[in-house]
Amino acid sequence: MLDLKEIRKNPDFFNKKLSDRNSKVDLKVLLELDKKNRELLTEKEKLEQEKKTISQKKDKSLFERSKKISIEIDEFSKKQTKTKNQIDTILNSLPNLAHDDVPVGSNETHNKEIKKVGEVPKFTFKTLSHSELGKKIGQMDFDMATKTSGARFVFLKDKLALLERAISNFMLDVHTKEFGYQEISPPLIVTDETMYGTGQLPKFESDQFEIKLEDDQSRKFLIPTAEVILTNMVRDSFLKKEDLPLRLVASTACFRKEAGSYGKDTKGMIRQHQFYKVELVSLVDPKNSLEELERMTNCAQEILKRLNLPYRVVLLCTGDMGFSAEKTYDLEVWIPSENKYREISSCSSCGQFQSRRMKAKFKNNNKDSVFLGTLNGSGLAIGRTLIAIMENYQQKDGSIIIPEVLRPYMDNKDRIS
RNA sequence: GGAGGGGUGGCUGAGCGGUUGAAAGCAUCGGUCUUGAAAACCGACAAUGGGGCAACUCAUUCGUGGGUUCGAAUCCCACCCCCUCCGCCA
């Protein structure tokens, strides 16, 4: 959520920054509602003051007046609540502003490649896609998943199942032991408030899996990413300055409807309803947000480097960033079967956008309470890492060499076949 | 599933119809003392929103939402959450 006070002070600036983000909103409407809201508040408060005075005087002759005031207050209050709700609806629909060093552009063609790392492999034989490889070795089964669960699911078996687990453990070990992230094993089901806190609701409800629980009036959802629950751990709370930066990592399943992507990436396990991901979250003094973003991106890159996977770093433009982000780096890994780089991690700084929604603060040195800076990034997506390893490490006979760093996690074997 | 107890400020915890925004303690900050630190003592210390764009001032907030009352943290109703005992399942 953007800061209404700041919008009030500088509407032109916000108008420009929002249009950079493809957000067509007329802030005039918002500001008029804001003005109306404050007028109603003032009226209401005047009446409340009078009522308070009467009750303190305990003068019976004024009691009738007080009753009338209560009714008037009620009327103002209803109007004011309605106006406030309209304001919130608009405010909730506005994306975060992009940081100044984010390139302005309407779509992914305006993203800026920062660097390429590693050599794209040159094969001397006809390569297979991960799904072809998986079928060939009999350890990846989409048909079985279709039978049991429907489209966009997969079964992994034997060594591929172990590989998935190995990737997860390897990543967790690096992030916890070397980069100082605290490991968390969180719930995978969250309340609607939690989904609201990180911005999945109300705007992106159609991509979320909702769960029905008996006798429970609140709505519950499967997490689309661990970002949701890790970040919301600090919702409605005050952290101490010495708690920061708070760095968290979790390896979880993620669930997405992928509504609106029908016909996109339908073959293989690039885009599934359920996938696993190692997620990094940092909660920081907002002054350090961008610095932390660089650090986090480096942590994620380190995984790719150690797996010896060719990748590139892309700075997303204003039009391609997620709703809550102020600046985002995507890491894209080389996928031979598609002959292109595909997203395997997305690291974002959200500034104070999420913490303002979540009411997550800390006291700084001047003992002012300040909204936290929040960041999240994949470190990395496990399914796509598995794909990348299969395809980049494939051999002529269809076997797959296991990257050295993973072998300790795979019974010290050096290949899958 | 049965029976009880409770949710109050950053934390612990009093208050149970009227200057209570809320005692006390802890934590934090400032000061005295000290070569420095600790201890001791003195003082400050809620959040959010409105107006003044500063001193300041007004309103709201005691799990959430309703209700009773001139007036509610305090009484009533519903819901959420936590704890203890019994039963049940591991």
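Order of the sequence lines sets the chain letters (A, B, ...), proteins ahead of strands, with each chain counted from 1. All heavy atoms count here, side chains included; hydrogens, waters and symmetry mates do not.
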Problem - Selection from B:rA47, B:rG71, B:rU60 that lies nearest to any side-chain heavy atom of A:Lys52 - result: B:rU60
Completion exercise
To the nearest angstrom, the CD-C1' distance between A:Gln49 and B:rG50 comes to 12 Å
Problem - Rounded distance in Å between the P positions of B:rA46 and B:rA55 - result: 15 Å
Exercise for the section: Please determine if A:Arg306 and A:Glu178 form a salt bridge, counting it only when a charged side-chain N lies under 4.0 Å from a carboxylate O. Expected result: yes
Practice task
May I ask you to say what A:Lys57 touches in the nucleic acid, namely base, sugar-phosphate or nothing, with a heavy-atom cut-off under 4.0 Å?
Solution key: nothing
Exercise for the section: Sticking with atom C1', work out how far B:rA73 lies from B:rG6, rounded to a whole angstrom. Expected result: 15 Å
Completion exercise
Among B:rG50, B:rC58, B:rG71, the one nearest any side-chain atom of A:Thr42 is B:rG50
Completion exercise
Of B:rG49, B:rC58, B:rC70, the nucleotide closest to the side chain of A:Leu41 is B:rG49
Practice task
Taking atom P in both B:rG10 and B:rA47, compute the distance separating them and give it to the nearest angstrom.
Solution key: 8 Å
Handout entry: Centroid-centroid under 6.0 Å between A:His273 and A:Phe153 rings
Key = yes
Exercise for the section: Measure from the side-chain heavy atoms of A:Ser369 and tell me the nearest of B:rG10, B:rG51, B:rU48. Expected result: B:rU48
Problem - Sugar-phosphate only, base, or nothing, as touched by A:Lys67 at under 4.0 Å among non-hydrogen atoms - result: sugar-phosphate
Exercise for the section: Check whether the ring centres of A:Tyr311 and A:Tyr341 lie less than 6.0 Å apart, and answer yes or no. Expected result: no
Completion exercise
A:Lys79 atom NZ is separated from B:rG50 atom C1', nearest whole Å, by 18 Å
Exercise for the section: Under a 3.5 Å limit for both distances, which nucleotide forms a Watson-Crick or G-U wobble pair with B:rU34, could you say? Expected result: none
Completion exercise
For B:rA78, the nucleotide meeting Watson-Crick or G-U wobble distances (both under 3.5 Å) is B:rU64
Fill in the blank from the handout: Side-chain atoms of A:Ser55 come closest, of B:rC70, B:rC58, B:rA47, to B:rC70
Exercise for the section: Please state whether the phosphate of B:rG50, meaning OP1 or OP2, lies under 4.0 angstrom from any side-chain nitrogen or oxygen of A:Arg8. Expected result: yes
Practice task
For A:Gln56 and B:rA72, give me the distance from atom CD to atom P, rounded to whole Å.
Solution key: 11 Å
Handout entry: Check: A:Ser93/A:Lys203 side-chain N/O donor and acceptor closer than 3.5 Å
Key = no
Problem - C1' spacing across the pair B:rA27 / B:rC75, given as an integer number of angstrom - result: 35 Å
Exercise for the section: Would you confirm whether the ring centroid of A:Phe255 sits within less than 6.0 angstrom of the ring centroid of A:Phe221? Expected result: no
Practice task
Could you measure between the two P atoms, the one in B:rC77 and the one in B:rA23, and give it in whole Å?
Solution key: 30 Å
Exercise for the section: Report yes if a side-chain nitrogen or oxygen of A:Arg38 is closer than 4.0 Å to either non-bridging phosphate oxygen (OP1 or OP2) of B:rG49; otherwise report no. Expected result: no
Practice task
Would you mind classifying the nucleic acid contact of A:Lys35 as base, sugar-phosphate or nothing, using non-hydrogen atoms under 4.0 angstrom?
Solution key: nothing
Exercise for the section: Using only side-chain N and O atoms of A:Lys359, determine if any of them is under 4.0 Å from OP1 or OP2 of B:rU48. Expected result: no
Problem - Whole-angstrom distance between B:rG31 and B:rA14, as gauged at atom C1' - result: 30 Å
Handout entry: Complementary nucleotide of B:rG52, counting Watson-Crick and G-U pairs under 3.5 Å
Key = none
Problem - Salt-bridge present (A:Asp285, A:Lys287; N to O < 4.0 Å) - result: yes
Handout entry: Interatomic distance at P, B:rA90 relative to B:rG5, whole Å
Key = 32 Å
